[in-house]
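Take a look at the structure below.
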Amino acid sequence: MQLFYNQNISTETETFFFDKEESKHIIKVLRKKNGDNLLVSNGLGFLFKTEIILDSDSKCQVKIISFEKQDAPKFNLHLAVAPTKMNDRFEWFLEKVTEIGISEITPIICENSERKVIKNDRFEKIIVSAAKQSLHYFLPKLNPAVSFSEFIKKEKTGQKFIAHCEETDKKSLKETIQKNEDVVILIGPEGDFSSKEIKLAIEKNYQPVTLGNTRLRTETAAVVACHSVVFINQ
């Protein structure tokens, strides 16, 4: 099964065109032609069965034959993660948490962050590619980067956690998660959250948690946190 994405289609759509890049892939690489079927999602839980009616490698057109809707997850998992110094590590994180089943991602700029400029265009492409590969009908939401202080000011529902490395009283994340509840988890930069940031998070009712007995890289910690929440909710 191969899945395609088009965020602009809905149940009211009858026909639509793929962009030039996707059209070339469909016609030139996959060698699809008029009459062939394609499965398309809009990232909102819908799966559309379509048929190619114009096999152009620059503007492939399809018509919608039928559609079905997948039930939404019973929980929302939001990871706020400090971008890593090496961009490819953050891209790896985005790919893996999309495959596992993340709902929402916000890059947060912390006091110890070494990367402070974020370009979401490439990140969006990585998320879409990973969702296609893992056959997810719900596309994770990628928010613009914000400062830690700005993120922490916004009210969040559900369980709220901050994973940090300071030697303080912390509970295990996997033993603290409640099933079928929304979850927000803060993951810090390579230099960890500052003491000030940890204190501010706790004041905002974020629970300090540990992800295990070893010190993890930022991107690894984020993947472990994502998998823990999804596994408990299965």
Side-chain angles (χ1 to χ4, degrees), residues 1-73 76-79 81 83-84 86-107 115 117-145 218-220 222-223 226-227 230:
M1 174 180 175
Q2 186 151 16
L3 185 65
F4 298 88
Y5 271 92
N6 188 311
Q7 63 181 5
N8 299 318
I9 60 175
S10 70
T11 56
E12 304 299 318
T13 305
E14 295 182 357
T15 67
F16 65 90
F17 292 94
F18 287 101
D19 62 25
K20 185 175 182 179
E21 182 179 356
E22 196 77 288
S23 295
K24 183 177 181 180
H25 179 70
I26 292 168
I27 305 304
K28 289 292 188 181
V29 178
L30 299 179
R31 299 186 181 280
K32 299 293 184 180
K33 56 185 183 303
N34 286 343
D36 287 344
N37 295 134
L38 300 176
L39 295 177
V40 185
S41 176
N42 61 359
L44 300 174
F46 285 92
L47 179 66
F48 299 87
K49 182 179 180 181
T50 72
E51 179 183 323
I52 297 176
I53 57 176
L54 179 62
D55 51 5
S56 166
D57 61 2
S58 61
K59 203 173 184 181
C60 178
Q61 184 181 21
V62 298
K63 66 177 180 180
I64 293 177
I65 300 172
S66 62
F67 64 85
E68 60 184 64
K69 178 118 176 18
Q70 186 181 56
D71 292 336
N76 187 84
L77 172 55
H78 186 172
L79 288 184
V81 184
T84 54
M86 301 299 292
N87 212 37
D88 60 341
R89 293 188 179 277
F90 198 77
E91 293 175 359
W92 177 86
F93 143 72
L94 291 173
E95 178 183 78
K96 299 312 172 189
V97 295
T98 299
E99 291 176 12
I100 295 168
I102 190 78
S103 309
E104 188 172 355
I105 304 157
T106 301
R115 178 177 292 276
V117 178
I118 308 300
K119 296 180 180 180
N120 271 15
D121 290 349
R122 176 167 169 77
F123 290 166
E124 292 279 8
K125 290 182 179 180
I126 289 170
I127 288 173
V128 169
S129 178
K132 289 163 65 175
Q133 187 275 330
S134 51
L135 304 181
H136 281 300
Y137 304 159
F138 288 93
L139 198 66
K141 179 182 180 183
L142 177 62
N143 298 315
T218 294
E219 68 276 12
T220 310
V223 170
C226 178
H227 180 266
V230 172

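Residue numbers start at 1 and run along the sequence shown. Basis for what follows: all heavy atoms, side chains included, without hydrogens, waters or symmetry-related copies.
- Between the CD1 atom of I126 and the OG1 atom of T98 there is a distance of 9.0 Å, given to the nearest 0.5 Å.
- Between atom NZ of residue K59 and atom CD1 of residue I27 there is a gap of 14.0 Å, rounded to the nearest 0.5 Å.
- With contacts defined as side-chain heavy-atom distances shorter than 4.5 Å, the pair L47/Q70 does not qualify.
- Taken from CZ in R89 to OG1 in T218, the straight-line distance is 9.5 Å, to the nearest 0.5 Å.
- Test I64, I53, L54, V62 against T15 for side chain to side chain contact (heavy atoms under 4.5 Å, CB included) and you get one pass: I53.
- Atom CG of D88 is surrounded by more than 12 heavy atoms from other residues, nucleotides or ligands within 6.0 Å.
- Within the structure, every pair that satisfies the side-chain hydrogen bond (donor to acceptor under 3.5 Å, both in side chains) test and touches residues 124-135, not counting sequence neighbours, is listed here: E22-K132.
- Proximity of a side-chain donor or acceptor of T50 to a complementary backbone N or O of K63 within less than 3.5 Å is not detected.
- The shortest distance between side-chain heavy atoms of E95 and E91 does not fall below 4.5 Å.
- For I9 against T13, the heavy-atom pair with the smallest separation is CA-OG1, 3.6 Å.
- From F67, atom CZ reaches atom OG1 of T11 across 5.0 Å, with rounding to the nearest 0.5 Å.
- For the pair N143 and P107, the tightest heavy-atom approach, listed with the atom from each and the gap, is O-CD, 3.2 Å.
- Between K49 and L39 there is a side-chain heavy-atom pair separated by less than 4.5 Å.
- More than 12 heavy atoms of other residues, nucleotides or ligands lie within 6.0 Å of NZ in K96, so this atom counts as buried by the packing criterion.
- Residues D55 and N34 come closest through the heavy atom pair N-OD1, 2.9 Å.
- Of all heavy-atom pairs between A131 and L3, the closest is O-CD2, 4.3 Å.
- Checked by atom type and distance alone, the side chain of S103 never pairs as donor or acceptor with a backbone atom of N76 at under 3.5 Å.
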Subject >> Full working for side chain to side chain contact (heavy atoms under 4.5 Å, CB included) between L38 and K32 >> reply: CA-CA 9 Å; L38 300 176; K32 299 293 184 180; 4.2 Å; yes

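- In this structure F90 satisfies the ring-ring contact (aromatic ring centres under 6.0 Å, His included) test together with F93, F123, sequence neighbours excluded.
- By the 4.5 Å heavy-atom criterion applied to side chains, V223 and W92 are counted as neighbours.
- The side-chain hydrogen bond (donor to acceptor under 3.5 Å, both in side chains) check on S23 picks up nothing, with sequence neighbours excluded.
- Judged as a salt bridge (Lys or Arg N to Asp or Glu O under 4.0 Å), and not counting sequence neighbours, the contacts of K28 are D57.
- From F4, atom CZ reaches atom OG of S41 across 12.5 Å, with rounding to the nearest 0.5 Å.
- Between S10 and N42 the shortest heavy-atom distance is CA-ND2, 4.5 Å.
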**OP:** Apply side chain to side chain contact (heavy atoms under 4.5 Å, CB included) to the pair D36 and L30, showing each step before the final yes or no.
**Re:** CA-CA 11 Å; D36 287 344; L30 299 179; over 6 Å; no

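- No more than 12 heavy atoms of other residues, nucleotides or ligands shown are found within 6.0 angstrom of NZ on K141.
- Considering only residues two or more places apart in sequence or on other chains, H25 meets the ring-ring contact (aromatic ring centres under 6.0 Å, His included) condition with none of them.
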Original post:
Yes or no on side chain to side chain contact (heavy atoms under 4.5 Å, CB included) for V97 and L77, after CA distance, side-chain angles and deciding distance?
Top reply: CA-CA 10 Å; V97 295; L77 172 55; over 6 Å; no

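- Of all heavy-atom pairs between L79 and C226, the closest is CD1-CB, 4.1 Å.
- Annotation: the span from I65 atom CD1 to E14 atom CD amounts to 13.5 Å, rounded to 0.5 Å.
- Under the ring-ring contact (aromatic ring centres under 6.0 Å, His included) criterion, F16 pairs with F18, sequence neighbours left out.
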